[in-house]
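The structure under discussion appears below in the form of structure tokens.
Since this is a predicted model, take the numbers as computed values, not measurements.
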Amino acid sequence: MFIDDLCGCNEYLDYAEYQEQIRQILCSGQDNEIHLSMRESTDGWNADYPCTLSILVKDQQAVVNYFSEDNEEMFASIGNLNREDNFRWQIGGNDYSVTGYQILSIEKALQCASAFYHTQEKPSCIEWEEL
């Protein structure tokens with residue numbers, strides 16, 4: 001599994017090593033944009049990835065997105081549906097619009113990353129909104 005974040009892209013073939021690295025990234029306290037995939041992109045983030053899990057981390061909160069192969073299906077995490085606020089997150093020079101109900105805890109994002117390693121499918125540990 002490749003972990004591509006603001007610090008670079010690395011491949012992790014061992015689950016324990018992957019788990020430790022993704023935990024370290026998510027729990028670092030640093031804002032980050034993370035892409036998890038079985039194949040590395042040669043020209044940056046693009047649409048020709050196979051299934052991809054994307055995690056935006058800001059202020060110890062996360063939004064998780066799932067993209068099926070060729071982006072035929074796209075989903076965003078659902079956290080607390082009672083949150084109606086909207087945010088503009090700036091992460092790594094990119095601006096993102098985030099709806100409050102999409103925000104998850106870091107622990108939930110870690111659960112998604114762990115599940116994705118094993119299946120490369122949309123994790124079932126959270127609820128999703130189709131985009």
* Sub-4.5 Å side-chain heavy-atom contact between Asn65 and Met74 -> no
* Asked: Crowded around Glu127 CD? As in, over 12 foreign heavy atoms under 6.0 Å?
  -> no
* Mind running side-chain contact (heavy atoms from CB on, under 4.5 Å) on Val64 and Phe75 for me, showing each step along the way? => CA-CA 8 Å; Val64 178; Phe75 294 87; over 6 Å; no
* Asked: Looking only at heavy atoms, what is the nearest atom pair of Tyr66 and Lys122, with distance?
  -> CE1-N, 3.3 Å
* Shared hydrophobic cluster for Ile25 and Val63 (ILVMFWY, side-chain gaps under 4.5 Å) -> no
* **Co-membership, hydrophobic cluster, residues Ile106 and Leu56, 4.5 Å side-chain** => no
* Is there a donor-acceptor pair closer than 3.5 Å between any side-chain N or O of Asp31 and the backbone N or O of Asp59? -> yes
* What is the minimum heavy-atom distance between Lys58 and Gln90, and which atoms define it? -> NZ-O, 3.3 Å
* Work out which heavy atom in Cys9 is nearest to a heavy atom in Phe2; give both atom names and the distance. => SG-CD2, 3.8 Å
* Asked: Does any non-hydrogen side-chain atom of Ser97 lie less than 4.5 Å from one of Arg88?
  -> yes
* Contact summary for Ala109 and Leu26, nearest pair of heavy atoms -> C-CD1, 4.1 Å
* Quick check: does any side chain N or O of Thr52 sit under 3.5 Å from a backbone N or O of Phe67, one acting as donor and the other as acceptor? -> no
* Asked: Side chain of Gln120, backbone of Phe116: donor and acceptor closer than 3.5 Å?
  -> yes
* **Passing option when Tyr18 is tested against Leu13, Asn10, Ile3 for side-chain contact (heavy atoms from CB on, under 4.5 Å)** => Ile3
* To do: Would you please name every residue forming a side chain to side chain contact (heavy atoms under 4.5 Å, CB included) with Asn86, sequence neighbours left out?
  => Thr99
* Hydrophobic cluster identity match, Leu53 and Met38, side-chain contacts under 4.5 Å -> yes
* List the atom of Ala115, the atom of Pro123, and the distance in Å for their closest heavy-atom pair. => CB-CB, 4.0 Å
* To do: Enter the distance from Cys125:SG to Gln111:CD here, rounded to the nearest 0.5 Å.
  => 5.0 Å
* To do: Report the residues that fulfil side chain to side chain contact (heavy atoms under 4.5 Å, CB included) with Glu17, sequence neighbours left out, ordered by chain and then residue number.
  => Tyr12, Asp14
* Between CH2 of Trp89 and CD of Glu33, what distance do you get to the nearest 0.5 Å? -> 11.5 Å
* Asked: If Ile, Leu, Val, Met, Phe, Trp and Tyr residues are connected whenever their side-chain heavy atoms lie under 4.5 Å apart, and connections chain through other members, are Leu104 and Tyr96 in the same group?
  -> no
* **Residue pair Glu129 / Tyr101: nearest heavy atoms and the distance that separates them** => OE2-OH, 2.7 Å
* With the 4.5 Å side-chain cut-off for hydrophobic clustering, are Ile103 and Ile78 part of the same group? -> no
* To do: Taking Ser105 for its side chain and Lys108 for its backbone only, find out whether a donor-acceptor pair lies under 3.5 Å.
  => yes
* Asked: Would you say Ile126 and Cys112 make side-chain contact, with heavy atoms under 4.5 Å?
  -> yes
* To do: Could I get the full list of side chain to side chain contact (heavy atoms under 4.5 Å, CB included) partners for Gln19, not counting sequence neighbours?
  => Tyr15, Ile22, Arg23, Leu110, Ser114
* Would you indicate whether Glu130, at its atom CD, is surrounded by more than 12 heavy atoms from other residues, nucleotides or ligands within a distance under 6.0 Å? => yes
* To do: State, with a plain yes or no, whether a side-chain heavy atom of Asp5 is found less than 4.5 Å away from one of Ile55.
  => no
